[in-house]
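Since the model is a prediction, treat every value here as computed from it, not as a measurement. Labels below follow one simple rule: chain letters A, B, ... track the order of the sequence lines, proteins then strands, and each chain is numbered from 1.
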Number of protein chains: 2
Amino acid sequence: MTDTAAAVASRTGDTTPAELDEAAAAARRAFAVTVASTADERAAWLRATADALDAARDELVPLADEETRLGSARLTGEVARTTAQLRLFADAILEGSYLEATIDHPDPTTIPPRPDLRRMLRPLGPVAVFGASNFPFAFSVAGGDTASALAAGCPVIVKGHPAHPRLSRRTAEVVADALVGAGAPEGVFAHVEGHETGIALVQHPEIRAVGFTGSLHGGRALFDLAQRRPDPIPFYGELSAVNPVLITGAALEARADELAAGLAGSFTLGAGQFCTNPGVVLVPAGSGFAERVAAAVAATSAVPMLTDGIAAAFANGVAGLAGHADVEVVAGDPAQQPGSGAPVVLRTTTAAVLADPGALLHECFGPSTLIVEYADAADALAAVRAVGGSLTATVHAQPGEEVAPIVEVLAEVAGRVLFTGWPTGVAVSWAQQHGGPWPATTTIHTSVGVTALRRFLRPLAFQDAPDAALPAELRDANPLGIPRRVNGVLVLPGHPEPVA
Amino acid sequence: MTDTAAAVASRTGDTTPAELDEAAAAARRAFAVTVASTADERAAWLRATADALDAARDELVPLADEETRLGSARLTGEVARTTAQLRLFADAILEGSYLEATIDHPDPTTIPPRPDLRRMLRPLGPVAVFGASNFPFAFSVAGGDTASALAAGCPVIVKGHPAHPRLSRRTAEVVADALVGAGAPEGVFAHVEGHETGIALVQHPEIRAVGFTGSLHGGRALFDLAQRRPDPIPFYGELSAVNPVLITGAALEARADELAAGLAGSFTLGAGQFCTNPGVVLVPAGSGFAERVAAAVAATSAVPMLTDGIAAAFANGVAGLAGHADVEVVAGDPAQQPGSGAPVVLRTTTAAVLADPGALLHECFGPSTLIVEYADAADALAAVRAVGGSLTATVHAQPGEEVAPIVEVLAEVAGRVLFTGWPTGVAVSWAQQHGGPWPATTTIHTSVGVTALRRFLRPLAFQDAPDAALPAELRDANPLGIPRRVNGVLVLPGHPEPVA
């Protein structure tokens with residue numbers, strides 16, 4: 001075990017302020033190395049981390065299952081997703097486009113005259129990561145925020161989630177060992193614990209950005225701290241989403257059972273503990289769709305939720321909805337068993353949600369869905385707008401139906417618009433977008449997919465630099481062979497660039 | 001004159017809350033059109049605006065000169081810069097890369113399985129722009145923030161700067177007329193006035209982002225309001241910069257007079273009223289450089305500053321520096337004439353600035369520069385770090401000198417690193433970066449150059465969409481012929497894309 005891993009392992013229980021300072025200072029020292037590291041080096045660090053996590057899978061999954069109750073099948077798949085994510089970021093930085101390398105040769109005819117300007121992105125510095133409870137691998141210690149920050153060249157300090165402390169510590173050991181073993185500098189990765197530690201971390205002078213996945217309440221509080229610093233820093237929070245689904249009359253007529261089964265599978269998946277859970281489903285009035293969904297979940301029994309706190313919050317949220325004068329419980333018992341979640345299907349109308357959006361259109365984290373019956377398309381779209389910012393929005397229509405007016409509204413409120421299927425399940429890829437208008441996320445970026453890299457980089461331009469003083473990415477000869485834009489023209493590697 | 005222009009023209013004096021609501025509602029209605037507009041259409045709007053401003057130049061420049069005292073030569077050049085900027089954004093949106101169009105075909109082998117995902121950027125919505133006093137064209141009503149927001153597809157509401165109200169109103173008329181005349185929707189552009197109006201604008205529910213150029217004090221206050229909204233919005237502020245310059249002993253030995261003349265020209269340009277003004281210049285101790293700079297400005301007399309308030313703040317700032325026990329006045333009179341600015345050259349040491357950075361290393365907006373003498377390179381670099389976030393940082397060295405350790409530190413604190421020349425003069429191009437660590441700017445973006453577009457866009461992904469339901473930018477046939485990334489591979493227009 002390296003010194004770093006030993007230091008990580010010794011931090012059980014709340015990190016002290018002195019330990020946090022030490023981790024931050026080590027991250028700053030590590031940044032002096034990572035900022036100058038090559039994509040080759042960082043890709044090797046990421047791949048070594050992925051390999052180490054895969055190798056530790058049979059130890060980590062049971063630990064995760066004990067702490068999260070998510071089951072070993074789901075957790076095993078999540079490890080694979082997590083390591084594939086690390087490897088995708090390795091591929092992406094080697095490809096090089098993410099640097100946005102741009103070269104303008106001098107042009108004395110412009111106003112003002114243009115000198116030689118060369119721009120690329122550069123890592124921000126040490127990054128704080130707050131993982132989520134519901135994805136103990138993919139959105140936690142070695143999750144997407146950590147992977148994208150390390151890929152960008154930023155050291156990471158993870159604030160471990162209290163819902164899975166032993167898994168967090170052990171994962172942190174594996175990650176720190178793998179990174180340093182692959183040649184990354186000491187201090188490039190640390191794991192800290194404790195509520196007060198998290199508050200101090202967001203305000204720590206060495207921290208240059210924060211990645212956060214969690215609740216609206218907790219996220220907003222940390223966001224506010226980050227913005228109120230003497231030097232505000234970017235706070236990339238993924239907070240809350242209702243994920244509206246709109247089903248047209250034609251779709252319901254053609255495939256009501258398929259849709260009911262699909263919805264039932266999606267909102268109960270992982271006890272509904274997904275940020276992309278479909279919380280509001282708009283269907284034509286009088287269609288009986290809610291009863292079909294009720295039938296589809298009839299055989300589903302209560303399952304343990306991630307924490308007793310989440311279960312209690314869910315029970316409370318569902319009871320609040322069920323107690324609303326305009327809401328009918330179609331299936332399930334709003335009075336949930338302690339610690340567990342059982343599916344609840346609720347029904348109301350667009351008139352009710354438009355009259356009282358604050359009470360009816362908030363996220364209810366767990367296995368419930370609110371079927372909202374609409375009289376016409378205008379009503380349905382008004383309800384979607386009332387939901388507001390979401391990670392996803394879905395339309396189910398029939399081939400040939402005119403969906404443009406619906407898509408227009410879905411695109412307004414969400415970061416990802418689905419045309420079939422259900423929003424749970426977030427592929428990690430180049431084109432993925434996991435973020436949307438407030439309160440889905442706090443910024444105009446994504447926390448999943450290759451472009452998550454952009455969050456931890458800032459642009460830097462060099463003016464009239466001698467070739468030898470430039471980073472390799474911007475030298476005339478393009479020694480790294482990356483895509484670049486020269487005098488406004490995008491040029492692929494191996495093709496001639498415009499000359500001065 | 002169109003209705004819009006007439007409405008704009010009628011708004012002299014403070015905008016009322018009802019008028020602001022009306023402008024915001026009109027901007028929201030206009031957004032329904034601009035969000036679906038083509039790049040061709042928006043390019044035509046931008047070019048028509050540029051043409052109209054060029055045509056109005058002989059009317060606008062005298063008006064600007066009356067209100068800003070900047071002189072007609074400088075102001076005529078600034079109109080050309082402003083219209084070239086509008087045309088560059090037109091070119092950029094037609095090229096299409098700014099949309100980051102990305103397509104991933106389905107892949108059932110990934111974990112989780114990958115559906116068909118297609119991502120591009122989409123305009124945010126109505127944008128508020130706060131112009132600066134020191135560039136009444138290029139950073140004001142029709143400046144870079146307005147141009148980039150309109151290019152992105154966002155309606156703009158400009159809060160006119162009180163230092164040039166008549167120019168702002170008249171420019172706004174020209175812009176509104178040109179936009180609507182070229183087919184842009186009514187409400188796409190508005191001009192409002194008044195301090196309270198600005199405060200209300202940043203908090204207005206319809207406003208989705210803010211572009212701001214101005215003081216640290218005013219910018220921070222508006223930034224805080226934007227972040228404390230129930231739905232925080234991006235606040236792109238360019239606030240304050242000291243722009244350190246480091247001159248090596250070898251460079252000074254080789255070309256002291258040239259450097260002194262260059263510095264004198266740069267810090268007195270436009271009465272020093274540039275955000276890129278070189279405020280701190282590090283030179284070897286005992287080099288007599290300050291005296292050379294003093295000689296170079298000896299013939300320069302006081303010139304009227306933009307406003308009496310700016311002149312008073314400058315006099316106050318210079319007097320504060322001059323009154324510091326460790327600062328020597330080498331040239332000029334810290335007791336400035338009311339309303340005017342005359343060059344002041346001050347001298348101190350790295351020991352002094354490191355002992356009292358708060359007093360010595362802040363922006364002093366006007367024609368002054370602080371020559372800081374250093375004993376060795378480590379001292380000099382410590383002083384650069386103490387300056388902190390800046391728009392620019394400059395090194396003057398001799399060919400063959402090892403500058404890597406210097407560049408490393410300059411890159412840490414600034415958004416643009418210069419190797420010769422002086423930081424005033426910000427070319428508008430693809431590779432420009434005008435932004436840097438706090439307090440230079442509030443975010444990881446630029447306010448000048450093509451990539452300023454990214455500030456007013458957010459990503460949107462489509463999942464499993466039928467081809468006909470997709471925006472043209474993401475359809476299989478790539479009808480707009482824009483660069484796209486398909487299955488991770490960047491493909492230029494006219495080349496075959498990977499198939500599913």
Would you mind checking if B:E100 and A:R454 are paired as a salt bridge, meaning a charged N to carboxylate O distance below 4.0 Å? no
Below 4.5 Å from any heavy atom of chain B, which atoms of [X] appear? Answer side chain, backbone, both or neither.
| X | value |
| --- | --- |
| A:R484 | neither |
| A:A404 | neither |
| A:P459 | both |
| A:P113 | backbone |
| A:W430 | both |
| A:L457 | backbone |
| A:R81 | both |
| A:P230 | backbone |
| A:A92 | neither |
| A:V426 | backbone |
| A:Q432 | both |

Please tell me if the side chains of [X] and [Y] come closer than 4.5 Å, counting only heavy atoms from C-beta onward.
| X | Y | result |
| --- | --- | --- |
| B:L490 | A:L492 | yes |
| A:R458 | B:P437 | yes |
| A:E408 | B:V35 | no |

Item to check | A:D104 versus B:A431, closest heavy-atom pair with distance | outcome: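 It is OD2-N, 2.6 Å.
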query: Is the B:H445 ring parallel, tilted or perpendicular to the A:H445 ring (thresholds 30°, 60°)?
result: parallel
What part of [X] lies closer than 4.5 angstrom to a heavy atom of chain A: side chain, backbone, both or neither?
| X | value |
| --- | --- |
| B:E412 | both |
| B:R485 | side chain |
| B:R208 | neither |
| B:E95 | side chain |
| B:A414 | backbone |

Given A:A411, A:G425, A:S429, the one with more heavy-atom pairs under 4.5 angstrom with chain B than any other is A:A411
query = How about A:T446 and B:R119: does a side-chain donor come under 3.5 Å of a side-chain acceptor?
reply =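 No.
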